[in-house]
Amino acid sequence: MKKLFALAAFGASLAIAPVVAHADDDAIVLHRQSVMEGIGAGMGTVVCVLKKQCDLPQKVVIRQAKTMHFLAKMNLEAFRAKTEGPLGVKTTALPKIWSDWADYEKDNKEMVEATEGLIKAAASSIEPQSLGPAVQALGKVCKECHDDFREKH
C-alpha cells in the first residue's frame with residue numbers, strides 16, 4: 001500500500017510540475033516587465049524635464065537617472081532565465097534574446113553605459129545642452145535593442 005501511495009504521489013507531482021513551471025515563467029516575465037517599465041518611466045520623467053514640460057529639481061532628475069542605471073544593471077539577470085511555451089502573461093520579448101545572447105549582453109552593457117552617461121549629464125546640468133545628448137544616446141540604445149529583441153507592436 002505504501003508503494004502504491006508513493007507511486008500515486010510521484011505521478012501527481014509530475015502532473016503538477018508543468019503548472020508550477022508555468023507560474024514561475026509568468027513571475028519571471030512580470031519581473032522583467034517591471035524592470036523595463038521602471039526604465040521607461042524614468043526616461044519619461046527625464047524627457048519631460050528636457051522638453052521643459054515639467055519643472056523638477058535637478059536632484060530628482062539625478063535620482064531618476066540613478067534608478068534607471070540600477071534597473072539597467074538588473075535587466076540582464078532578469079532576462080537570463082529563458083521562458084518559453086504558452087505563458088499566462090503576455091510578453092513582447094522575442095526568443096532571439098536567448099539565441100543571440102551575446103548580442104543581447106552587448107546591448108545591455110551599452111544601456112548600462114548610457115545610463116551612466118545620463119547620471120553624469122544630470123549631475124552637470126538639467127539644461128537641454130547637457131541633458132539632451134545623454135537622453136539621445138540612451139534612447140538610441142533602447143531603440144536598437146527593441147528593434148532587435150522585442151516584438152513589433
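Keep in mind that this is a model prediction, so the values were computed, not measured.
In this structure, the separation between CZ on Arg150 and CD1 on Ile97 is 10.5 Å, given to the nearest 0.5 Å. Rounded to the nearest 0.5 angstrom, Lys120 NZ and Thr115 OG1 are separated by 10.5 Å. We find the OG1-CD1 distance between Thr91 and Ile28 to be 11.5 Å, quoted to the nearest 0.5 Å.
Annotation: salt bridge (Lys or Arg N to Asp or Glu O under 4.0 Å) contacts involving residues 28-49, sequence neighbours excluded, are absent. The ring pair (Phe, Tyr, Trp, His ring centres under 6.0 Å) pairs that include a residue from residues 35-59 number zero, where partners must be two or more places apart or lie in different chains.
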Kindly list each side-chain donor-acceptor pair under 3.5 angstrom involving residues 39-59, sequence neighbours excluded, with atom names and distances?
{"from": "Thr45", "atom 1": "OG1", "to": "Ala41", "atom 2": "O", "distance (Å)": "3.2"}
{"from": "Lys52", "atom 1": "NZ", "to": "Glu127", "atom 2": "OE1", "distance (Å)": "3.0"}
{"from": "Lys52", "atom 1": "NZ", "to": "Glu127", "atom 2": "OE2", "distance (Å)": "3.4"}
{"from": "Gln58", "atom 1": "NE2", "to": "Ala122", "atom 2": "O", "distance (Å)": "2.6"}
{"from": "Gln58", "atom 1": "NE2", "to": "Ala123", "atom 2": "O", "distance (Å)": "3.1"}

Distance-only criterion, 3.5 Å: show the donor-acceptor pairs between side-chain atoms of residues 135-145 and protein atoms not counting sequence neighbours.
{"from": "Lys140", "atom 1": "NZ", "to": "Glu144", "atom 2": "OE2", "distance (Å)": "3.3"}
{"from": "Lys143", "atom 1": "NZ", "to": "Asp147", "atom 2": "OD2", "distance (Å)": "2.6"}

Got a list of side-chain donor-acceptor pairs under 3.5 Å for residues 71-82, not counting sequence neighbours?
{"from": "Asn75", "atom 1": "ND2", "to": "Tyr104", "atom 2": "OH", "distance (Å)": "3.0"}
{"from": "Asn75", "atom 1": "ND2", "to": "Asn108", "atom 2": "OD1", "distance (Å)": "2.6"}
{"from": "Glu77", "atom 1": "OE1", "to": "Arg80", "atom 2": "NE", "distance (Å)": "3.3"}
{"from": "Glu77", "atom 1": "OE2", "to": "Arg80", "atom 2": "NE", "distance (Å)": "2.8"}
{"from": "Glu77", "atom 1": "OE2", "to": "Arg80", "atom 2": "NH2", "distance (Å)": "2.9"}

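Qualifying side chain to side chain donor-acceptor pair (under 3.5 Å) partners for Glu151, counting only residues two or more places apart in sequence or in other chains: Lys90.
The backbone N or O of Ala121 lies less than 3.5 Å from a partner atom in the side chain of Ser130, making a donor-acceptor pair. Side-chain atoms of Ser34 come within 3.5 Å of backbone atoms of Leu30 as a donor-acceptor pair (strictly under, hydrogens ignored).
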Go through the steps for Leu118 and Leu131 under the test side chain to side chain contact (heavy atoms under 4.5 Å, CB included), then give the verdict. CA-CA 7 Å; Leu118 184 59; Leu131 206 55; 3.8 Å; yes
Which is it for Val112 and His69 under the side chain to side chain contact (heavy atoms under 4.5 Å, CB included) test, yes or no, and what are the steps along the way? CA-CA 6 Å; Val112 169; His69 179 66; 3.5 Å; yes
Apply salt bridge (Lys or Arg N to Asp or Glu O under 4.0 Å) to the pair Lys109 and Glu113, showing each step before the final yes or no. CA-CA 6 Å; Lys109 182 179 180 208; Glu113 291 168 355; 3.8 Å; yes
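Transitive grouping of hydrophobic side chains (ILVMFWY, heavy atoms separated by less than 4.5 Å) keeps Met111 and Leu94 in distinct clusters.
By the 4.5 Å heavy-atom criterion applied to side chains, Phe149 and Asp100 are counted as neighbours.
Under a 4.0 Å N-O distance rule, the pair Glu110/Lys106 qualifies as a salt bridge.
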